[in-house]
Amino acid sequence: MPTYALESFDLDFFDTAPVTHKFSVNLPVSPERAWAELTRQNTLDWCRLIKAINFTSPAPYGVGTTRSAQLAPGYARLSERFFCWDEDPQAQRYRNAFYVEQANVPGLRRFGELSEIEPAERGCRFTWSFAIELGGPLARTSKFALPVSAKAFGTLETDTVKYFANLR
């Protein structure tokens with residue numbers, strides 16, 4: 001399958017992208033445990049929309065780390081590069097963000113995710129942000145992508161809450 005190069009961006013894009021989605025949930029685990037789950041090999045294996053995620057850079061991970069993602073049912077493949085990676089164990093605050101460098105599906109100009117974890121009264125607060133800009137002829141359809149993407153992102157939220165509720 002052919003691959004398509006996507007454009008890089010910075011953290012501001014999570015606020016300015018044509019299509020954004022963000023959710024925050026309390027998780028019943030420590031910030032360190034949540035961070036460990038989100039930064040392990042084959043993370044997000046609890047999400048129905050994700051078939052596989054693998055770090056392609058050696059640990060320790062940080063800015064410049066790369067990862068491959070395969071979305072369910074397995075046709076869409078993404079190559080990701082982290083441009084933000086902040087770990088503050090003393091404050092129990094963690095954050096990372098990536099943009100997709102290449103995808104085997106046409107129509108994307110920019111796509112990425114931002115994950116943030118901070119302490120909460122019980123457990124931690126996890127905020128997951130998504131930013132999308134369609135390209136080419138699809139760019140004019142961005143406003144129609146909102147309802148479709150909201151349903152997909154809702155599945156990610158539901159699956160994440162369920163997984164962490166059962167994690168011991």
Side-chain angles (χ1 to χ4, degrees), residues 1-27 34-35 37-39 42-57 61 63-86 93-118 124-164:
M1 292 183 101
T3 58
Y4 305 90
L6 278 68
E7 295 178 19
S8 63
F9 55 84
D10 59 26
L11 288 172
D12 292 340
F13 188 62
F14 290 100
D15 295 320
T16 62
V19 178
T20 61
H21 186 81
K22 180 179 189 175
F23 66 83
S24 291
V25 294
N26 284 336
L27 302 176
W35 184 247
E37 286 295 314
L38 291 167
T39 58
N42 202 32
T43 186
L44 304 177
D45 53 343
W46 60 83
C47 294
R48 290 171 277 172
L49 295 179
I50 298 172
K51 186 168 182 183
I53 292 184
N54 294 293
F55 284 94
T56 53
S57 295
Y61 306 130
V63 172
T65 291
T66 57
R67 207 168 67 167
S68 66
Q70 186 176 7
L71 307 181
Y75 304 119
R77 297 176 190 268
L78 311 173
S79 297
E80 308 165 343
R81 178 169 301 275
F82 286 87
F83 65 92
C84 170
W85 195 288
D86 301 322
R93 294 183 181 277
Y94 303 88
R95 174 175 77 160
N96 65 23
F98 69 82
Y99 54 79
V100 173
E101 290 186 302
Q102 293 187 335
N104 70 339
V105 291
L108 290 172
R109 183 172 176 204
R110 294 188 280 184
F111 174 73
E113 298 177 18
L114 168 64
S115 298
E116 300 171 285
I117 298 171
E118 60 189 0
C124 67
R125 185 86 177 153
F126 171 48
T127 303
W128 203 355
S129 303
F130 304 84
I132 304 168
E133 181 179 7
L134 300 176
L138 294 177
R140 294 185 302 272
T141 65
S142 287
K143 67 180 178 181
F144 300 111
L146 288 170
V148 174
S149 63
K151 185 173 181 173
F153 295 129
T155 300
L156 294 175
E157 180 178 354
T158 300
D159 291 348
T160 298
V161 169
K162 182 178 178 182
Y163 174 77
F164 279 95

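Since we're looking at a predicted model, the values are computed, not measured. Note that the numbering runs from 1 along the sequence shown for the chain.
- Distance CG/D159 to CD1/I50: 9.0 Å, rounded to 0.5 Å.
- Among all heavy-atom pairs drawn from Y99 and S8, the shortest one is CZ-CB, 3.4 Å.
- When each of F9, F13, F98 is checked for a ring pair (Phe, Tyr, Trp, His ring centres under 6.0 Å) with F83, only F9 meets the rule.
- Taken from OG1 in T127 to CD1 in I117, the straight-line distance is 9.5 Å, to the nearest 0.5 Å.
- A parallel orientation is assigned to the rings of F55 and Y61, their planes being inclined by less than 30° (bins at 30° and 60°).
- No side-chain N or O of S68 forms a donor-acceptor pair with one of T56 less than 3.5 Å apart.
- To the nearest 0.5 Å, the span separating CG on L6 from CZ on R110 amounts to 10.0 Å.
- To the nearest 0.5 Å, atom OG1 of residue T39 and atom CG of residue N96 are 7.5 Å apart.
- Ring geometry for W46 versus F164: interplanar angle over 60°, hence perpendicular rather than tilted (30 to 60°).
- The main-chain N or O of G64 is found under 3.5 Å from a side-chain atom of R81 such that the two form a donor-acceptor pair.
- In terms of modelled atom types and a separation under 3.5 Å, the side chain of S57 and the main chain of T66 share a donor-acceptor contact.
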Yes or no on side chain to side chain contact (heavy atoms under 4.5 Å, CB included) for L11 and L114, after CA distance, side-chain angles and deciding distance?
CA-CA 8 Å; L11 288 172; L114 168 64; 4.0 Å; yes

Verdict with reasoning, R93 to D86, per side chain to side chain contact (heavy atoms under 4.5 Å, CB included):
CA-CA 8 Å; R93 294 183 181 277; D86 301 322; over 6 Å; no

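- Considering CG of D45 and CD1 of I53, their distance stands at 9.0 Å, rounded to 0.5 Å.
- Between F130 and H21, the ring planes lie tilted relative to each other; the angle falls in the 30° to 60° range.
- Looking at L78 and L71, their side chains come closer than 4.5 Å, going by heavy atoms from C-beta outward.
- Nearest heavy atoms, G74 versus K51: CA-CD, 3.8 Å.
- Electrostatic pairing of R125 and E118 does not count as a salt bridge here, judged by no charged N lying under 4.0 Å from a carboxylate O.
- Nearest heavy-atom pair, A103 versus L108, reported as atom, atom and distance to 0.1 Å: CB-CD1, 4.5 Å.
- R77 and N104 make their closest contact through N-OD1, 2.7 Å (heavy atoms, listed as atom of the first residue, atom of the second, distance).
- A distance of 5.0 Å separates CG in L49 from CG in L156, rounded to the nearest 0.5 Å.
- Below 30°, between 30° and 60°, or above 60°: for W85 and W35 the angle between ring planes is above 60°, a perpendicular geometry.
- C47 and T160 make their closest contact through SG-OG1, 4.0 Å (heavy atoms, listed as atom of the first residue, atom of the second, distance).
- Contact record, F14 with A131: CD2-CB, 3.7 Å, taken as the closest heavy-atom pair.
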